[in-house]
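Here's the structure, in structure tokens; my notes come after.
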Amino acid sequence: MAHKPVGSGVSFAAATASASSGIMTHFTDTVRVHVVGGDAHIAVGIDPTAANSDYYVPSGGTETLSIGRPKSQKVVGVTTGTTTTIDFPAGSGSPFEVGDKVQLTGIVPAGANGGTSGIGLTVLSVLNGSFSHNSNGDPGFFSTRLTLAHNTTSVGPITDGEGELRDVFQVAAKGTASALYVQQVQITGVA
């Protein structure tokens, strides 16, 4: 099977209790894991903890695992506060659910985005297709909105509220492996 690398890869060592990679922005439905210097049990998800019952990869082994379909949506507005409200284009819907971890990008000032790629923001609520009034008070405006556990009270006024919201994931490993190399890939066909 041929594959194409997508985004940056990460590496980390396994631990006897469980160790995890940093947050990875979700771009494909497949992740490739290579294990060296020992064996590892692997779990993939939001804040995963690997256990002896999870997927086993022997030392020197390479596996491709399904991580599910990526979720993303264009952002057209941001409201700052002790939590952050995100608006999507009217009628677009939200692929996200309460409890998802996401990464916000493209918003100005940059502090509204949540910092570096190592930060996953938690979705607190999702409101799809809510009926509201437009700025003139006329009925008939439909919006899609969600709330993030992200305090943006100190970032200042939003000067560009257009960006992207995308889900994130982590890989966890338990075992004796001195290194796991993790890379998202696209499967391109039979080699």
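To the nearest 0.5 angstrom, Ser59 atom OG is 8.0 Å from His34 atom NE2. To the nearest 0.5 angstrom, Thr30 atom OG1 is 12.0 Å from Gln183 atom CD. Atoms CG and CG, from Leu148 and Leu124 in turn, are 7.0 Å apart once rounded to the nearest 0.5 Å. We find the OG1-CD1 distance between Thr144 and Ile86 to be 13.0 Å, quoted to the nearest 0.5 Å. The distance from atom CD1 of Ile23 to atom CG of Asp167, rounded to the nearest 0.5 Å, is 10.5 Å. Going from atom OG1 of Thr28 over to atom CD of Gln186 covers 6.5 Å, rounded to the nearest 0.5 Å.
Here Tyr56 is tied to no hydrophobic group at all, with no ILVMFWY side chain closer than 4.5 Å. Through direct or relayed side-chain contacts under 4.5 Å between Ile, Leu, Val, Met, Phe, Trp and Tyr, Val6 connects to Phe27.
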Using a 3.5 Å cut-off and no angle test, enumerate the donor-acceptor pairs between side-chain atoms of residues 41-49 and protein atoms at least two apart in sequence or in another chain.
{"residue": "His41", "atom": "ND1", "partner": "Asn52", "partner atom": "O", "Å": "3.1"}
{"residue": "His41", "atom": "ND1", "partner": "Asp54", "partner atom": "O", "Å": "3.1"}
{"residue": "Asp47", "atom": "OD2", "partner": "Lys101", "partner atom": "NZ", "Å": "3.2"}

Listing, residues 66-79 side-chain donor-acceptor contacts under 3.5 Å, not counting sequence neighbours, or none:
{"residue": "Lys71", "atom": "NZ", "partner": "Asp100", "partner atom": "OD2", "Å": "2.9"}
{"residue": "Gln73", "atom": "NE2", "partner": "Gly93", "partner atom": "O", "Å": "2.9"}

**Report entry** Criterion side-chain contact (heavy atoms from CB on, under 4.5 Å) on Val182 and Met24, from CA distance to verdict
**Finding:** CA-CA 10 Å; Val182 180; Met24 297 179 72; 3.9 Å; yes
Query raised in the report: Given Leu121 and Gln103, is the side-chain contact (heavy atoms from CB on, under 4.5 Å) satisfied, shown in steps?
Result: CA-CA 6 Å; Leu121 306 171; Gln103 183 179 45; over 6 Å; no
Report task. Decide yes or no on side-chain contact (heavy atoms from CB on, under 4.5 Å) for Arg32 and Thr62, but give the supporting numbers first. Result -> CA-CA 7 Å; Arg32 182 175 185 261; Thr62 301; 3.4 Å; yes
Report task. Apply the test side-chain contact (heavy atoms from CB on, under 4.5 Å) to residues Thr153 and Thr80: give CA-CA distance (whole Å), side-chain angles for both, the deciding distance (0.1 Å), then the verdict. Result -> CA-CA 6 Å; Thr153 55; Thr80 59; over 6 Å; no
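When the side chains of ILVMFWY residues are joined at heavy-atom separations under 4.5 Å, either directly or via intervening members, Val102 and Ile158 end up in a single hydrophobic cluster.
The closest side-chain heavy-atom distance from Ser20 to Val171 is not below 4.5 Å. Using a 4.5 Å heavy-atom threshold, the side chains of Leu165 and Leu146 count as touching.
Only one option out of Val57, Val36, Val33 pairs with Leu180 in a side chain to side chain contact (heavy atoms under 4.5 Å, CB included); it is Val33.
The side-chain contact (heavy atoms from CB on, under 4.5 Å) search around Asp160 returns Val108, Glu162, not counting sequence neighbours. With sequence neighbours excluded, the residues satisfying ring-ring contact (aromatic ring centres under 6.0 Å, His included) with Phe169 are His26.
In this structure, Ala19 and Ala13 approach most closely via the heavy-atom pair CB-O, 3.3 Å. Across all their heavy atoms, Ala177 and Val35 have their closest contact at CB-CG1, 3.4 Å. Across Pro157 and Pro109, no two heavy atoms sit closer than the pair O-CD, 3.3 Å. The two residues His3 and Ile187 have their closest heavy-atom pair at CB-CD1, 4.2 Å.
In this structure, the side chain of Gln184 engages the main chain of Thr25 through a donor-acceptor pair within 3.5 Å.
A donor atom on one side chain and an acceptor atom on the other are found under 3.5 Å apart for Thr84 and Thr152.
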